Q: 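The structure follows.
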Amino acid sequence: MKYDSKTIEEKWQKIWQETGEFDITEDTDKPKYYALEMFPYPSGNLHMGHVRNYSIGDVVARYKKMQGYNVLHPMGWDSFGLPAENAAIKHGADPADWTWSNIDNMRKQLKRLGFSYDWDREVATAKPDYYKFTQWMFAQLYKHGLAYKKKSYVNWCPSCATVLANEQVVNGKCERCKSEVGKKDLEQWFFKITDYAQRLLDDIEKLGGWPDKVKSMQTNWIGRSEGAEVDFKIDGSDETLTVYTTRPDTIFGVSYMVIAPEHPLVEKLIAGKETEAECRAFIKKVQHQSEIMRSATDTEKEGVFSGTYLIHPFTGDKIPLYLANYVLLDYGTGIVMGVAAHDQRDFEFAKKYDLPIRIVIQPEGQNMKSEDMTEAFAAEGIMENSGEFNGMNNKDAIKAITKRLEERGIGRGKVNFRLRDWLISRQRYWGAPIPIVYCDKCGEVLVPDDQLPVILPQNVKFTGQGQSPLSECEEFVHTTCPKCGGPAKRETDTMDTFVCSSWYYLRYCDPHNTEMPFDKAKTDYWMNVDQYIGGVEHAILHLLYARFFTKALHDFGYVSCDEPFENLLTQGMVLKDGTKMSKSLGNVVSPEEIVDKYGADTARLFIMFAAPPERDLDWNDTAVEGSYRFLNRVWRAVEDLRDCVTDEKPDAESLTADEKKLRLAVHGAIKKVTADCDRFSFNTAISAIMEMVNALYYYKEHTPKDGLNKPVVSEAVTSLIVMLSPFVPHIACEMWEMIGKTSNLAVEKWPEYDEKALVVDEIEIVLQINGKIRDKIMISPDLTREEMTELAMSNDRIKELTEGKQIIKCIAVPKKLINVVVK
RNA sequence: GCGGGUAUGGCGGAAUUGGCAGACGCGCCGGAUUUAGGUUCCGGUGUCUUUGACGUGGAGGUUCAAAUCCUCUUAUCCGCACCA
């Protein structure tokens with residue numbers, strides 16, 4: 001007989017729903033705990049990655065609840081985004097209908113897995129009551145000068161027909177559709193995340209509960225570098241060009257300069273020069289080079305002389321200015337010094353175009369010659385050919401030269417970041433409209449808070465071509481100016497969906513508030529998120545944006561915290577046969593099927609048991625059977641022993657050896673499961689429960705039915721059910737009922753172990769000679785080192801093996817081993 | 001190139017602080033139950049030339065003792081990448 005997972009799971013899910021079991025409010029009598037999993041995009045169906053993410057979160061939430069915490073555990077939908085719109089283009093479905101029906105389906109699937117969400121707090125970012133406040137967030141940033149529009153050379157995905165943030169371009173391709181990303185000069189909305197670059201970087205230190213991997217990814221992404229800006233006079237003009245360099249110490253080694261071909265000043269620099277035609281041809285060529293080609297390290301460096309010379313600020317030499325494909329427009333000033341001897345890229349470029357290689361730093365005690373060099377020398381050394389700075393260590397020269405530049409007013413120390421401002425406008429329909437209107441009289445006008453939300457219109461046309469559907473929706477575009485009441489046009493760009501997901505964790509604290517995105521008192525109670533759980537793919541984008549939002553809202557006075565996520569767990573992927581599950585490979589295991597066949601509890605148990613949460617998990621059908629078998633084994637034991645359940649406590653004084661052994665197993669398990677759950681080592685927590693079940697079977701099989709010690713068995717059975725309940729809540733509740741309990745298992749107190757039950761008369765310790773095991777003996781655990789040593793010396797085996805040898809020393813580790821060192 | 005991981009039986013994994021390597025599970029082998037298969041219960045299962053030796057990707061080192069610490073190295077995965 002197998003236990004009936006289907007009936008049991010439906011029964012308890014219904015009860016939880018009807019009793020509002022997991023609905024929660026602020027309660028200052030209890031410590032709070034905010035358990036959060038990254039909310040899903042409603043693609044249509046739950047996949048195993050979701051099941052894993054939410055199973056981990058549910059165990060955490062349920063475990064904390066049983067430990068007496070007031071647990072906030074919400075769920076919602078990151079429901080704006082391109083797939084809805086693509087479905088509209090492809091199948092003619094309305095993006096809203098498509099989204100809501102997907103949500104309905106996935107909500108059902110989540111409920112079938114028995115997660116302990118407070119469904120009353122469910123949010124969907126595509127609903128007006130939510131995006132009203134996404135627009136409010138935009139307004140706040142706008143009012144504080146952190147949202148601005150500028151013409152910029154931006155990433156453009158031709159297939160998605162929209163711009164993309166820097167973070168959404170992966171290897172020169174669109175993160176979503178993988179098509180090659182181009183560049184366009186467009187007027188776009190940005191959030192000034194760069195204002196927070198230093199703080200976002202500094203505060204990474206505060207993120208003690210985050211994985212190092214994520215912290216280092218963010219550090220690299222922010223990419224702080226220290227250097228200097230230097231002004232170079234243009235020969236024959238009063239104007240200057242400014243470069244950024246991290247190596248001002250190499251300034252005397254400059255043999256040429258380079259400017260990005262797309263640089264706005266290029267036009268002026270090449271106009272009327274002998275080389276103009278050549279330059280124009282080069283610019284055209286570079287424009288046709290794809291972003292991937294341009295950014296690949298192994299792409300050959302190419303350039304052309306601009307016809308312009310710059311004047312070296314120290315030597316007064318005339319230095320040729322080149323246009324070259326290896327200089328990035330949007331980092332630093334878009335102009336760099338070419339120091340062939342001390343930078344590998346410059347070295348290659350100089351070799352190709354036969355430009356001078358000037359050594360200005362020598363490795364200590366050496367005398368390199370430029371004609372012998374096969375690669376640039378980028379390490380530390382002693383300055384030479386650098387005028388007054390000769391003989392200095394180059395590290396010191398960086399400071400000295402920067403200082404001199406500052407004194408002369410032709411340069412300055414400068415910190416640069418790799419992080420760019422966050423491009424948030426999208427030329428798409430299914431997103432939160434940007435609350436801006438354009439009035440002929442008043443210009444760009446922010447929609448006032450009391451006129452939010454700017455409602456996304458329905459019944460727009462989806463052609464998949466040309467402009468955004470919104471810009472062709474006349475009744476949306478034409479409006480009145482909030483300032484002067486005259487005719488005005490709406491901004492037709494919508495916001496990047498990452499804006500919506502940058503503040504949802506705050507909305508969960510107060511999801512029904514119609515006046516404000518949240519009440520400060522409520523976020524003060526619930527924030528920070530104590531445990532955030534999700535995929536590592538969000539290590540940069542979402543997690544950086546959310547940190548930025550929290551800091552900005554903190555500065556505006558809306559929240560007290562300035563980091564949102566106290567602890568972060570990045571769960572591993574769910575694989576099949578060592579590779580990612582994917583439709584094209586046909587190796588997708590559907591959660592629905594598994595729940596149908598074995599039940600939600602088995603699916604959850606397998607996922608938690610098969611691997612530690614942060615590691616990748618290979619789906620294994622026979623191992624799933626093993627988890628199912630274990631639950632049946634537990635079920636049979638509880639069924640068998642249900643009559644033993646009593647309120648009577650075991651009498652520790654009068655137990656048989658077998659009874660003591662069972663108690664030891666039970667309390668040992670309580671100790672280990674608790675410690676393991678505290679450190680999120682759920683796989684070993686489950687294995688500890690399995691060992692306890694094995695001990696229970698041993699006792700059961702070795703004791704006549706009428707000889708069972710009821711209080712001892714009762715203690716074992718109740719602890720077993722309680723400890724299983726965060727992992728497999730349905731079967732646990734059913735067994736709880738089966739043994740006659742009427743209390744609510746979800747808030748049952750987590751068991752505590754009895755130190756006395758763990759005390760044993762004898763333990764096995766190891767006898768070693770020179771670190772090799774030679775015997776094992778049973779001793780009292782209380783023996784001192786001296787007593788242990790004495791025992792070892794009188795041991796026959798040790799005596800035999802050490803005969804005729806010189807005993808140098810004897811190391812005794814209480815409760816572990818004795819090691820005799822001989823020569 | 002820079003940054004961060006990972007490497008342990010046939011497989012997933014365990015060993016929290018340096019102290020019995022391989023817990024727990026899968027698989028496999030055997031016993032009991034059964035007409036048989038399946039189920040269930042019990043037992044076994046790192047390798048080998050088995051009174052012992054070897055064994056945590058490889059090579060050194062520190063230590064009475066190393067999967068764990070140090071140095072070097074190989075493989076592999078992930079992130080960033082012409083960032084001046």
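Every heavy atom of this structure was used, including side-chain atoms; hydrogens, water molecules and symmetry mates were not. Per chain, numbering begins at 1; letters A, B, ... match sequence-line order. Small disclaimer: the values here were computed from a predicted structure and weren't measured.
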Q: Can you find an N or O donor on one side and an acceptor on the other, under 3.5 Å apart, linking the side chain of A:Lys776 with the base of B:C20?
A: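 Counting by modelled atom types and ignoring angles, a donor-acceptor contact under 3.5 Å is found here.
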
Q: Does B:G30 have a Watson-Crick or wobble partner in any strand here, with both distances under 3.5 angstrom, and which is it?
A: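 Here B:G30 is engaged in a pair, and the nucleotide opposite it is B:C42.
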
Q: For residues A:Phe349 and A:Tyr256, establish whether the separation of their ring centroids is below 6.0 Å.
A: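 Here the rings of A:Tyr256 and A:Phe349 have centres that are less than 6.0 Å from each other.
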
Q: To the nearest angstrom, how far is A:Trp221 atom CH2 from B:C78 atom P?
A: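 After rounding, the reported distance stands at 17 Å.
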
Q: A:Gln344 CD to B:C2 P: how many Å, rounded?
A: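 Atom CD in A:Gln344 sits about 13 Å away from atom P in B:C2.
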
Q: Side-chain N or O of A:Asn694 less than 4.0 angstrom from OP1 or OP2 on B:G25?
A: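 Yes.
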
Q: Is A:Ile594 close to A:Met48 at the side-chain level, that is, under 4.5 Å between some pair of heavy atoms?
A: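 They are in contact (side-chain heavy atoms under 4.5 Å apart), so the answer is yes.
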
Q: Report the base-pairing partner of B:A36 (Watson-Crick or G-U wobble, both distances below 3.5 angstrom), or none.
A: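 Looking at the geometry, B:A36 pairs with no nucleotide.
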
Q: Could you check how far CD1 of A:Ile607 sits from C1' of B:G25, rounded to whole Å?
A: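 Spelled out: CD1 on A:Ile607 to C1' on B:G25 is 16 Å.
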
Q: Rounded off to whole Å, could you give me the CD-to-P distance for the A:Gln218 and B:G3 pair?
A: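 Between P of B:G3 and CD of A:Gln218: 18 Å.
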
Q: Would the base of B:C80 count as contacting A:Asn220 through its side chain, where contact means a donor and an acceptor less than 3.5 Å apart?
A: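 Result: no qualifying N/O pair found.
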
Q: Any Lys/Arg nitrogen of A:Lys215 or A:Glu205 sitting under 4.0 Å from an Asp/Glu carboxylate oxygen of the other?
A: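 No salt bridge links A:Lys215 with A:Glu205.
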
Q: Grab the CD-C1' distance between A:Glu300 and B:C82 for me, whole Å please.
A: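 Those two atoms, CD and C1', are 13 Å apart.
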
Q: By nearest nucleotide on RNA chain B, pick out whichever of A:Val820 and A:Val214 is the more 5' one.
A: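 Upstream on the strand: A:Val214.
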
Q: Rounding to a whole Å, what distance do you find between A:Gln768:CD and B:U63:C1'?
A: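 Those two atoms, CD and C1', are 13 Å apart.
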
Q: In whole angstrom, what separates A:Asp621's CG from B:C11's P?
A: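 It works out to 19 Å between those atoms.
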
Q: Can a side chain N or O of A:Lys772 be found less than 4.0 Å away from OP1 or OP2 on B:C54?
A: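 Yes, within the criterion.
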
